[in-house]
Visitor: 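A single structure is presented below for examination.
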Protein chains: 2
Amino acid sequence: MKQQLKISEAVVRRLPIYLQVLNELSIREVQTVSSQELGQKLDLNPAQIRKDLAYFGEFGRKGIGYDVNYLIEKIRQILNLDTTHYAALIGAGNLGHALCNYNTYLKDNVQITAVFDASPSKIGTKINGLTVQPMDALRSAIQDQHIRIGIITVPASEAQNVANELVASGIDGILNFAPAILKVPEDVRIHHANFTTELLSLAYYIEKERLERDE
Amino acid sequence: MKQQLKISEAVVRRLPIYLQVLNELSIREVQTVSSQELGQKLDLNPAQIRKDLAYFGEFGRKGIGYDVNYLIEKIRQILNLDTTHYAALIGAGNLGHALCNYNTYLKDNVQITAVFDASPSKIGTKINGLTVQPMDALRSAIQDQHIRIGIITVPASEAQNVANELVASGIDGILNFAPAILKVPEDVRIHHANFTTELLSLAYYIEKERLERDE
DNA sequence: TAGATTGTTAATCGATTAACAATC
DNA sequence: TAGATTGTTAATCGATTAACAATC
């Protein structure tokens, strides 16, 4: 792999999307693809795609394009998709359920191996083969099972407390689904998957469109 | 409201986040807040916050800061949070369930008023008071109930078909949860809430961190 | 008045796009 | 060879940050 310049987050976030499209192409047994074609499928500038990939190495062939399967393999390597990361999920509500089932889809890469909830009525129940554990079992589970990712699916009011617990347990990264801004130390990576933000901004643009049409 | 220059998407996406923090402050009965304080809470540059807000008007007072409740009201106006948008949800799996329940949280703003699924075993069941309808009821429901937003929570393989149906029914916007790139006409707004992307990029950074530590 | 903080212009930074030599 | 397409440098565009006059 090429000497890592500084790779922007925007680039890293596009890689999984490239992979999505490439996987589809692979299934359809397409051999090669050009940045032009990828750009069309993804609504991205071909130059950007070439530049993104070039951060990590020379994966294409001039005059030909990219070998689909080779590029898949390379992106999988970059994203470390062959290393399994164990994750704990906190909050066994509907969203938690949904993510546990998604688990099957994610397969080996990120694997939820422990589920926690504060509610006595949930503790002891099973979700996709995992028994819901009480919150005070969190720390030892994280340490014993080498869990590195915490997935927060509790209500917003509880999210910071849960984040604190995760940090104290030595977690490396958090994926937060609660609509709340969480404070964590600098060395803990936190990503937000807040769809209310998406929904509200979507509504904004729809309404704006409508108002402009009606003018 | 100020003459709308061109407001970037980044700005619009930050507004709901500002609102989140402001709501918390309002609950704690904080009267005023400075861009400095907001910046600290949100890990954003205060100048950026001032600039974002200034796109829409002059909401603050020099030397004082922003009145929390007034700013909340203004942002709610900008985002049209007092207009209700009706939404249809397609895909009554766990994720669909989770979103329907979230519905209560979103309250008046975006309201899911119809749920659809292709699977005969799901049709007729109730989710949060709504009866799951077959796919061929989609078009008339959208048109009759003035539904403007479609929320896609079906598997990736079905997502494009559902999107096509929604577009044909005259939808204005789509929030897509399926891990797939969807093609829609230019006048239909599409937002993606793809948490696998978040999860994979999170795993990338965690692994990178670890590798750098171990060097 | 002195201190604080906005709104806004100018400076900086970074990301996207265009252009093109290299080469399959 | 001619056509296509990469990898990369240079140009452009846009977003973030700094700085500061205005003013509460």
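Computed from a predicted model, the values in this text were never measured in an experiment. Every chain is numbered from 1 and lettered A, B, ... according to where its sequence line falls, protein lines coming before strand lines.
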Visitor: Between A:Ser26 and A:Asn69, is any side-chain donor less than 3.5 angstrom from a side-chain acceptor?
Guide: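 There is such a pair between these side chains.
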Visitor: State whether the number of non-hydrogen atoms from other residues, nucleotides or ligands found under 6.0 Å of A:Tyr205 atom OH is greater than 12.
Guide: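 Counting neighbours around OH of A:Tyr205, more than 12 heavy atoms of other residues, nucleotides or ligands fall under 6.0 Å, so yes.
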Visitor: So, does B:Glu37 use its side chain to make a donor-acceptor pair with the main chain of B:Ser34 at under 3.5 Å?
Guide: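 Judged by distance alone, yes, a pair lies under 3.5 Å.
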Visitor: Would you say B:Arg61 places a side-chain N or O within less than 4.0 Å of OP1 or OP2 belonging to C:dT6?
Guide: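 Result: no.
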Visitor: In whole angstrom, what separates A:Ile49's CD1 from C:dT17's P?
Guide: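 Atom CD1 in A:Ile49 sits about 10 Å away from atom P in C:dT17.
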Visitor: Starting from P on D:dT23, measure out to CZ on B:Phe59 and report it in whole angstrom.
Guide: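 Taking CZ of B:Phe59 and P of D:dT23, I get 19 Å after rounding.
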Visitor: Please report the distance, rounded to the nearest Å, between NZ in B:Lys74 and P in C:dG7.
Guide: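 Those two atoms, NZ and P, are 12 Å apart.
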Visitor: In this structure, which one of A:Leu53, A:Asp52, A:Asn45 forms a side-chain contact (heavy atoms from CB on, under 4.5 Å) with A:Ile49?
Guide: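 Among A:Leu53, A:Asp52, A:Asn45, the one meeting side-chain contact (heavy atoms from CB on, under 4.5 Å) with A:Ile49 is A:Leu53.
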Visitor: Give a yes or no on whether B:Arg61 atom CZ has more than 12 heavy-atom contacts from other residues, nucleotides or ligands under 6.0 Å away.
Guide: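 12 or below, so no.
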Visitor: Quick test of your reading: applying side chain to side chain donor-acceptor pair (under 3.5 Å), list the pairs with at least one residue in residues 167-176 of chain A, sequence neighbours left out, ordered by first then second residue.
Guide: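 Matches after skipping sequence neighbours: A:Arg148-A:Asp172, A:Asn176-A:His192.
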Visitor: Looking at DNA chain D, which of residues 35-47 of chain A put a heavy atom within less than 4.0 Å of it?
Guide: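 Within this stretch, A:Ser35 sit under 4.0 Å of the strand.
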Visitor: For B:Ser119 and B:Asp117, does a side-chain donor sit closer than 3.5 Å to a side-chain acceptor?
Guide: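 Result is no, nothing qualifies.
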Visitor: So does B:Ile90 get a backbone contact from the side chain of B:Thr153, meaning a donor-acceptor N/O pair under 3.5 Å?
Guide: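 Checking the backbone N and O of B:Ile90 against the side chain of B:Thr153, a donor-acceptor pair under 3.5 Å is found.
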Visitor: Are there any protein N/O atoms within less than 3.5 Å of an N/O atom in nucleotides 13-15 of chain D, and if so, which ones and at what distance?
Guide:
none

Visitor: Just the rounded figure in Å: distance from P of D:dT16 to NZ of B:Lys51.
Guide: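 Spelled out: NZ on B:Lys51 to P on D:dT16 is 9 Å.
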Visitor: Can B:Arg139 and B:Glu165 be said to form a salt bridge (charged side-chain N to carboxylate O under 4.0 Å, His left out), step by step?
Guide: CA-CA 7 Å; B:Arg139 196 173 300 205; B:Glu165 261 305 310; 3.6 Å; yes
Visitor: Which dot-bracket notation, 5' to 3', represents the base pairing of DNA chain D when pairs are defined as Watson-Crick or G-U with both distances under 3.5 Å, crossing pairs as [ ], and inter-strand pairs as |?
Guide: ..||||||||||||||||||||||
Visitor: Taking DNA chain C as the partner, which of residues 62-69 of chain A come within under 4.0 angstrom of it by heavy atom?
Guide: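 Listed by number, they are A:Lys62, A:Gly63.
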Visitor: Among D:dG7, D:dC20, C:dT16, which nucleotide has an atom closest to any side-chain atom of B:Arg50?
Guide: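 When the side chain of B:Arg50 is considered, D:dC20 is the closest of D:dG7, D:dC20, C:dT16.
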Visitor: Round to a whole Å and report the spacing from CZ of B:Phe56 to C1' of C:dT6.
Guide: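 Atom CZ in B:Phe56 sits about 17 Å away from atom C1' in C:dT6.
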Visitor: Report the residues that fulfil ring-ring contact (aromatic ring centres under 6.0 Å, His included) with A:Phe177, sequence neighbours left out, ordered by chain and then residue number.
Guide: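 Result, ring-ring contact (aromatic ring centres under 6.0 Å, His included) vs A:Phe177: B:Phe195.
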